[in-house]
Amino acid sequence: MEVLLFGIAKDIVGTSSFRFEGGDVVPQSVLELKERLSETFPEFDNLSSLAVAVNSEYADDSKGLNLGDEIAIIPPVSGG
Amino acid sequence: MEVLLFGIAKDIVGTSSFRFEGGDVVPQSVLELKERLSETFPEFDNLSSLAVAVNSEYADDSKGLNLGDEIAIIPPVSGG
Amino acid sequence: MIVEIVDEIAPGQVYAELSHPNSGGICVFVGAVREFTDNEEVKALEFEAYKSMALREMEKIAGEATQKWELNKVVIRHAVGKKEVEEPVVVVGASSAHRDACFEACRYLIDTLKERVPIWKKEIFKNKMVWVSAHP
Amino acid sequence: MIVEIVDEIAPGQVYAELSHPNSGGICVFVGAVREFTDNEEVKALEFEAYKSMALREMEKIAGEATQKWELNKVVIRHAVGKKEVEEPVVVVGASSAHRDACFEACRYLIDTLKERVPIWKKEIFKNKMVWVSAHP
């Protein structure tokens with residue numbers, strides 16, 4: 001499972017991507033992934049909002065995750 | 001007093017301008033000018049509206065006219 | 001503020017005219033000749049202006065817009081003469097710090113131009129010519 | 001429908017892209033870098049995109065606009081990388097038979113892009129850098 005990080009999320013974690021491999025404790029849902037990030041990097045709690053995309057689609061907290069998914073951590077967008 | 005005609009007004013009267021000279025019976029107001037035009041060219045009564053400009057400003061029917069004025073007959077505008 | 005009546009409009013140039021270091025938003029409207037009016041094929045439009053008064057009215061409208069909204073730049077440019085399908089006939093635009101002002105001002109510019117500016121448009125069809133809006 | 005993420009935006013080209021024989025109206029919005037944010041001088045903006053998803057979202061937004069309004073052409077183009085004051089960063093536009101549709105659609109395109117498209121903007125000031133909207 002590849003996790004891409006953008007904008008301030010990339011700065012907080014200090015990398016533009018990381019992977020969960022089969023041997024890792026892989027988060028089962030979007031919510032679990034968000035919780036995991038907040039625990040490790042409390043600064044995520046200070047953001048205005050935090051969205052997650054699964055395979056290039058915005059995903060609800062309840063969305064289940066699979067090892068082959070491309071995940072993106074989406075802090076508040078500010079295009080335009 | 002020079003009277004300029006535009007758009008369909010020019011087609012109705014058949015000229016793009018005419019003059020009232022000192023010796024003519026000159027209309028004293030915008031209303032009188034409009035009435036004069038309608039009498040001579042009844043087709044003016046068929047237009048959606050008819051405005052008059054005196055010295056490049058829209059003028060009310062009550063506006064008085066002077067020999068030195070530049071008058072314009074303004075049928076419904078349709079720019080843009 | 002640029003207010004002009006011209007023979008040919010080059011819409012691409014208007015962005016440079018509206019650009020400004022404190023304009024985060026630029027809104028432009030271009031009016032062009034449409035091929036069909038009420039399902040009848042239009043061959044061309046012909047525009048005629050009472051030029052001196054049209055320029056005064058366009059200046060007033062641009063001034064009104066800068067009173068109503070905080071604008072950095074305003075352009076109103078209308079073409080005269082014969083224009084064929086897809087050719088631009090009018091371009092209006094405004095630039096402002098934020099986008100609300102330029103959108104609202106741009107809409108005001110074109111709406112008010114169409115109401116007040118002494119310019120007339122003749123539609124040239126295959127078999128007839130019609131002064132637009134002249135009759136009810 | 002043109003949906004693109006590019007390094008440089010040439011706003012002048014969009015008019016030709018939106019022109020259409022049945023479009024009497026073309027409305028274009030250009031977003032550019034402003035010199036000041038809250039009275040602080042901005043040196044530059046830097047844009048980063050999640051490109052594959054951003055393109056999908058831009059396509060969806062363009063599709064939604066063509067569902068909501070009768071449009072002949074739609075363009076959404078966003079720039080990435082570092083942009084200096086007055087440089088264009090986004091251009092959206094629509095063309096339609098009458099002007100209501102293209103104005104409303106153009107506004108929808110930019111408003112919805114700003115809400116949903118995964119693109120991020122960092123403001124570069126003299127002494128600091130700020131990811132816009134990241135914090136409450």
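So you know, we letter chains A, B, ... as the sequences are listed, proteins then strands, and number each from 1.
- Residue C:Lys60 qualifies as enclosed at atom NZ: its count of foreign heavy atoms under 6.0 Å is above 12.
- Closest approach of D:Phe29 and C:Gly24 over heavy atoms only: CZ-O, 4.3 Å.
- Between chain D and the options C:Asp100, C:Val14, C:Ile110, the largest number of non-hydrogen pairs under 4.5 Å is found for C:Asp100.
- Ranked by heavy-atom pairs under 4.5 Å with chain D, the list C:Cys102, C:Pro88, C:Ala16 is led by C:Pro88.
- A pairwise comparison of heavy atoms in C:Glu86 and D:Pro21 identifies OE2-CD, 3.2 Å as the closest pair.
- Crowding of C:Glu70 atom CD: a count of heavy atoms from other residues, nucleotides or ligands under 6.0 Å not exceeding 12.
- Using a 4.5 Å cut-off on side-chain heavy atoms (C-beta onward), C:His20 and D:Arg34 make no contact.
- By number of non-hydrogen pairs under 4.5 angstrom with chain C, the leading residue of D:Ala10, D:Gly31, D:Ala97 is D:Ala97.
- The contact between D:Val28 and chain C is made by backbone and side chain atoms together, counting heavy-atom distances below 4.5 Å.
- Taking the side chain as every heavy atom from C-beta outward, D:Arg99 and C:Arg107 approach each other to under 4.5 Å.
- More than 12 non-hydrogen atoms from other residues, nucleotides or ligands lie less than 6.0 angstrom from CE of C:Met1.
- The choice from C:Gln13, C:Glu87, C:Lys114 that makes the most heavy-atom pairs within less than 4.5 Å of chain D is C:Lys114.
- Nearest approach of D:Asn22 to C:Phe36, heavy atoms of both residues: OD1-N, 4.0 Å.
- The two residues C:Tyr15 and D:Pro11 have their closest heavy-atom pair at CE1-O, 3.3 Å.
- Residues D:Ser23 and C:Ala32 share a closest heavy-atom pair of O-CB, 3.7 Å.
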